[in-house]
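Just so you know, these numbers use all the heavy atoms, side chains as well, and skip hydrogens, waters and symmetry mates. The model shown is predicted, which means the values in this text are computed figures rather than measured ones. All residue numbers refer to positions in the sequence shown, counting from 1.
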Amino acid sequence: MNPVQAGSFLTLHYRLCGPDGDELVNTFNDKPATLSMGAGQLSPALEQRLLGLDEGTRTAFDLPAGEAFGEHNPELMQWLKLSLLRELGDPDEAYTVGDVVQFPGPDGQGGYAGVVRELGETAVLFDFNHPLAGQPVRFEVQLIGVL
């Protein structure tokens, strides 16, 4: 058997569900995912659950609130002026609560997403926390291959 170790390359199916059973990710009905342990593709807490599991294992883990993606950080709630959003993005964009908006990273590489939480007359409140920050998570995994 080939157990998962730090640096292993994995082929797996996985499902990530929030506290209401709502799926954030599910690869079971599609192609399996491939990832490299330690590359940041999964949160460190999720990677810890995979260490030592043998190829072929199918199991599920329930992680307590805040463990998988950290606690909800109030400092990651930011009001952004509509004038700035229109200047930097689509000038005709209409925002609604619950929208996920992509923002470029400061170095032009990558980016990050914010969820619209509140609409003001001149600004929009965005939440830049992970959608499951501060919440319990169910992580189901089927290890297909371990290299």
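- The hydrophobic cluster containing Phe9, built from Ile/Leu/Val/Met/Phe/Trp/Tyr side-chain heavy atoms closer than 4.5 Å, also comprises Leu147.
- For Tyr112, the ring pair (Phe, Tyr, Trp, His ring centres under 6.0 Å) partners are Phe103, Phe128, not counting sequence neighbours.
- Under the rule for a side-chain contact (heavy atoms from CB on, under 4.5 Å), the partners of Ala39 that lie at least two apart in sequence or sit in another chain are Ser36, Gln41.
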Applying side chain to side chain contact (heavy atoms under 4.5 Å, CB included) to Val101 and Leu85, what does each step give before you reach the verdict?
CA-CA 11 Å; Val101 179; Leu85 290 168; 5.9 Å; no

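- Applying the side-chain hydrogen bond (donor to acceptor under 3.5 Å, both in side chains) test to residues at least two apart or on different chains, none of the pairs has a partner in residues 79-92.
- Linking Ile, Leu, Val, Met, Phe, Trp and Tyr residues whenever their side-chain heavy atoms come within less than 4.5 Å places Leu51 and Leu42 in a single cluster.
- Cluster membership check: Phe61 shares its hydrophobic cluster with Tyr14, using side-chain heavy-atom separations under 4.5 Å among Ile, Leu, Val, Met, Phe, Trp and Tyr.
- Considering every non-hydrogen atom in both Pro3 and Gly52, the closest pair reads CB-O, 3.9 Å.
- In the hydrophobic clustering of ILVMFWY residues, with side-chain heavy atoms under 4.5 Å counting as a link, Leu63 and Met37 come out together.
- Distance alone, capped at 3.5 Å, places no donor-acceptor pair between the Asp99 side chain and the Val116 backbone.
- With sequence neighbours excluded, the residues satisfying side-chain contact (heavy atoms from CB on, under 4.5 Å) with Arg138 are Cys17, Ala60, Asp62.
- A search for side-chain hydrogen bond (donor to acceptor under 3.5 Å, both in side chains) contacts involving Thr122 returns nothing, not counting sequence neighbours.
- Cluster annotation: Leu82 is connected to Phe126 through the hydrophobic network of ILVMFWY side chains, with a link wherever side-chain heavy atoms come within less than 4.5 Å.
- In this structure, Ser8 contributes its side chain and Val146 its backbone to no donor-acceptor pair below 3.5 Å.
- Ala68 and Val137 make their closest contact through CB-CG2, 3.9 Å (heavy atoms, listed as atom of the first residue, atom of the second, distance).
- Put simply, Val124 and Met77 are part of two different groups of oily side chains (I, L, V, M, F, W, Y) that touch within less than 4.5 Å, one to the next.
- Legend: residues meeting side-chain contact (heavy atoms from CB on, under 4.5 Å) with Glu121, ordered by chain and number and at least two apart, are absent.
- Every residue meeting the ring pair (Phe, Tyr, Trp, His ring centres under 6.0 Å) condition with Phe28, not counting sequence neighbours, appears here in chain and number order: His13.
- When side chains are defined from C-beta on, Leu12 does not count as touching Ile144, because their heavy atoms never get closer than 4.5 Å.
- Applying the salt bridge (charged side-chain N to carboxylate O under 4.0 Å, His left out) test to every pair with at least one member in residues 18-44, sequence neighbours left out, gives these pairs: Arg15-Glu23.
- Annotation for Leu53 and Thr59: closest pair CD1-CG2, 4.1 Å, computed over non-hydrogen atoms.
- Among pairs with a residue in residues 33-60, those fulfilling salt bridge (charged side-chain N to carboxylate O under 4.0 Å, His left out) read Arg49-Glu67, Arg58-Glu140, at least two apart in sequence or across chains.
- Distance check: Asn2 CG to Leu143 CG gives 10.5 Å after rounding to the nearest 0.5 Å.
- For the side-chain contact (heavy atoms from CB on, under 4.5 Å) criterion with Leu16, the lone passing option out of Val141, Leu46, Asn26 is Leu46.
- Pro136 is linked by a side-chain contact (heavy atoms from CB on, under 4.5 Å) to Pro19, Ala65, counting only residues two or more places apart in sequence or in another chain.
- Qualifying ring pair (Phe, Tyr, Trp, His ring centres under 6.0 Å) partners for Phe69, counting only residues two or more places apart in sequence or in other chains: His130.
- In this structure, Asp127 contributes its side chain and Val115 its backbone to no donor-acceptor pair below 3.5 Å.
- The heavy-atom pair separating Ala113 from Val100 by the smallest distance is CB-CG1, 3.8 Å.
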